[in-house]
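Since the structure is predicted, the reported quantities are computational estimates derived from the model, not experimental observations. Just so we're on the same page: letters track the sequence lines, and every chain starts at 1.
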There are 2 protein chains.
Amino acid sequence: MAAVTLKDVAERAGVSIKTVSNVVRGIPRVSEATRSRVARAVDELGYRPNPSARRLRTGRSGLVALVVPDLATPYFAELAHHVRAEATSLGLTVLIEESLGDAAEELRLAGGVGASLLDGVILSPLRATPDELAGVTDDFPLVLLGERSYGRDRVVADHVLIDNVAAARDITSHLIGLGRTRIAAIGVDHQGSATSRQRLEGHQQALHAAGLPFDPGLAPRVEEFDRRNGLLAMRALASLPAGERPDAVFCFSDLLAVGAQRALHEAGLAVPGDVAVAGIDGSQEALYSTPSLTTVVPDKAAIASLAVKCLAARIRSRTPLPFEVHVAPHWLEERESTLGARRAVRP
Amino acid sequence: MAAVTLKDVAERAGVSIKTVSNVVRGIPRVSEATRSRVARAVDELGYRPNPSARRLRTGRSGLVALVVPDLATPYFAELAHHVRAEATSLGLTVLIEESLGDAAEELRLAGGVGASLLDGVILSPLRATPDELAGVTDDFPLVLLGERSYGRDRVVADHVLIDNVAAARDITSHLIGLGRTRIAAIGVDHQGSATSRQRLEGHQQALHAAGLPFDPGLAPRVEEFDRRNGLLAMRALASLPAGERPDAVFCFSDLLAVGAQRALHEAGLAVPGDVAVAGIDGSQEALYSTPSLTTVVPDKAAIASLAVKCLAARIRSRTPLPFEVHVAPHWLEERESTLGARRAVRP
DNA sequence: CACGCCGGTTACAACGTTGGAACACGATAG
DNA sequence: CTATCGTGTTCCAACGTTGTAACCGGCGTG
């Protein structure tokens, strides 16, 4: 078993423990001769610093947590992938946690579980409200993904998000541009999450701009943004009498859209012939589904990069900085589910 | 900021630090009176033990790592989900890491990164060979998912796996039972991973048992088990001259199958009319794809549970136990991609 | 030549926790 | 009345690391 300590290295190199520590951390005040001697001893013994001891002494662990509602959701899995990559490049280790959409759990994790274990948290909140979060983040480094619910004045933490209103507006405008007039929206949230509200807002803006009415009957409520809820919601919409049935549907997540496509398939309705479908998330699953799914792609790498850098900055400076809001880019990918033509996926 | 220590609690309760420590850890030798007094002080001050200090003192951190090739692969994301749940119920915290299919990285992580940070590792190896792994796991608790490459005698660590040979045999037999005779296999691995070899073995067993020949031309090599490779491999197969084209295909992962379905869609071939498709992984994506995908479902909850329990046991007993191999159940779910009839998904 | 200075190094204490030995106390036994 | 015991508690050291202060030698300066 390893258990090589500074002391062992020090003895080997014939210097004091502190000097080894200085060499290991690259502190300048060491002569070239001793530096190389120590470096060799480190290599020979295979010394690795003990994170617990370091943390205990310095108060820094180099450990941050990423809290997402559910890892089995492709969007969050892909995001976690990017966050981990970005954090690693900055020398941070990421602990991935799932809140399972439970508000209490989100608050607990936002507080840093053992704040004594973590340096900071990146949280993708689903249920917890900003007010609740404000109470918890007692100047503990916290970056929120998405969900700026309050105006620019009432910011309770750093945020990284895409412009949800614009994204939704883009999608619905695209559907309108295809000549569709009865456009459903699947994803109005039971709990009224900020994301859901913002996407509905963009949808309505686009309808309004085109002089189309908003029909609440075409905006069913869902429990979660998963495939199952998309399936159930679309089944209901598909069974409406002919004149009332939508000719397009904007789903607030790719998973909802996948479920909706499945329901249309089962109902014998053609996509996009009878009903055009669009999602949002830019997941790989959307690209490969049949028909391939038109979706808004949030720049996940940018989101991850901004979030990690922002968190790292906040950890570095102990003093409370003003909160920042970063907006990451997004773009619309038009595919078969709205365009119709069969086209080869460019893998 | 928190920073409530045992010392603070001790002062408040008017006892020694050690007594508080005993109460917190539920050690019996404490009178009921002091116990409740201390408990109240703990609550009032909001004391939380400092994991780093605890780890430093005891050598246990309660942290285990799960190392998977790629989180963006639904199978691993779902598995991570289960592992996390199971570990939490046992009071362990899970650090999720990605190896990105790099052998060196797998070995590094198998060794416990800083072994001083982790109590153990659950590793899903992709490239690293058992021989290499045997060298690293210097009695450091390690559980491998899948991949028992050697016979029962040469076991280098605990394993949790499904019977890949049987699973593959089941699938190919199912395809044969539909009357298919030219059955392709997509997923023969460039590097010859154990999983790939075992699935090919089962495939060949089923062919042999039915008196069908194995045609190497129908078993293209792939780089990875992802959608892209499935797409490319199936494109090639679909462009074979009429008589040589397969009438069924067994993909060694659901992602490969999704890519294959996409290629068939683009080639204008019907599933399962022209080509039946089956995968393996039991992902949600397979259930909702169009057509829904026949797949073998490994019992992921069982795999996670066995792996975590096995690791926990090994951590508890410092002495080297004999290595164990646990086999988790799996079953075949027959869906539209082989059965043909359009059927409603039971969500 | 004495002085201060500075680069390079070391000694010591502390971070919060826990294992083990030591201790106080009342009860029980001899 | 003392010796023994068990129960509950305290004291001390240690885990591996780093910040602070102190130290030591040689160099340039006055």
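Side-chain atoms of Val327(A) and Ile162(A), non-hydrogen and from C-beta on, never get closer than 4.5 Å to each other. Phe225(B) is not listed as a side-chain neighbour of Pro69(B), based on a closest heavy-atom distance of 4.5 Å or more. Side chains of Val64(A) and Leu95(A) form no contact here, defined as non-hydrogen atoms less than 4.5 Å apart. The shortest distance between side-chain heavy atoms of Leu145(B) and Ile303(B) falls below 4.5 Å. With a 4.5 Å cut-off on side-chain heavy atoms, Thr34(A) and Val23(A) do not count as touching. You'll find the side chain of Arg35(B) stays beyond 4.5 Å of the side chain of Val38(B), heavy atoms only. When side chains are defined from C-beta on, Leu144(A) does not count as touching Asp158(A), because their heavy atoms never get closer than 4.5 Å.
Nucleotide dG8(D) holds its C1' atom 13 Å from the CD atom of Glu32(B), rounded to whole Å.
Across Val94(A) and Ala87(A), no two heavy atoms sit closer than the pair CG2-CB, 3.3 Å.
Checking side-chain atoms of Ser16(A) against main-chain N and O of Thr19(A) turns up a donor-acceptor pair under 3.5 Å. Side chain of His159(B) to main chain of Gly146(B): a donor-acceptor pair is present (N/O by atom type, distance under 3.5 Å, no hydrogens or angles).
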Under 3.5 Å, which protein N or O atoms sit close to an N or O of nucleotides 10-14 of chain D? Give each pair with its distance.
unit_1: dT10(D); atom_1: OP1; unit_2: Ser16(B); atom_2: N; d: 3.3
unit_1: dT10(D); atom_1: OP2; unit_2: Ser16(B); atom_2: N; d: 2.7
unit_1: dT10(D); atom_1: OP2; unit_2: Ser16(B); atom_2: OG; d: 2.8
unit_1: dT10(D); atom_1: OP2; unit_2: Thr19(B); atom_2: OG1; d: 2.7
unit_1: dA14(D); atom_1: N3; unit_2: Arg57(B); atom_2: NH1; d: 3.4

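Bounding nucleotides for the chain B contact on DNA chain C, 5' to 3', at a heavy-atom distance below 4.0 Å, are dG16(C) to dG20(C).
For the helix from dC1(C)-dG30(D) to dG30(C)-dC1(D), the rotation axes defined at the first and last 5 base pairs enclose an angle of 60°, given to the nearest 10°.
Toward the 5' end of DNA chain D, the nearer of the two residues Leu56(B) and Arg35(B), judged by each one's closest nucleotide, is Arg35(B).
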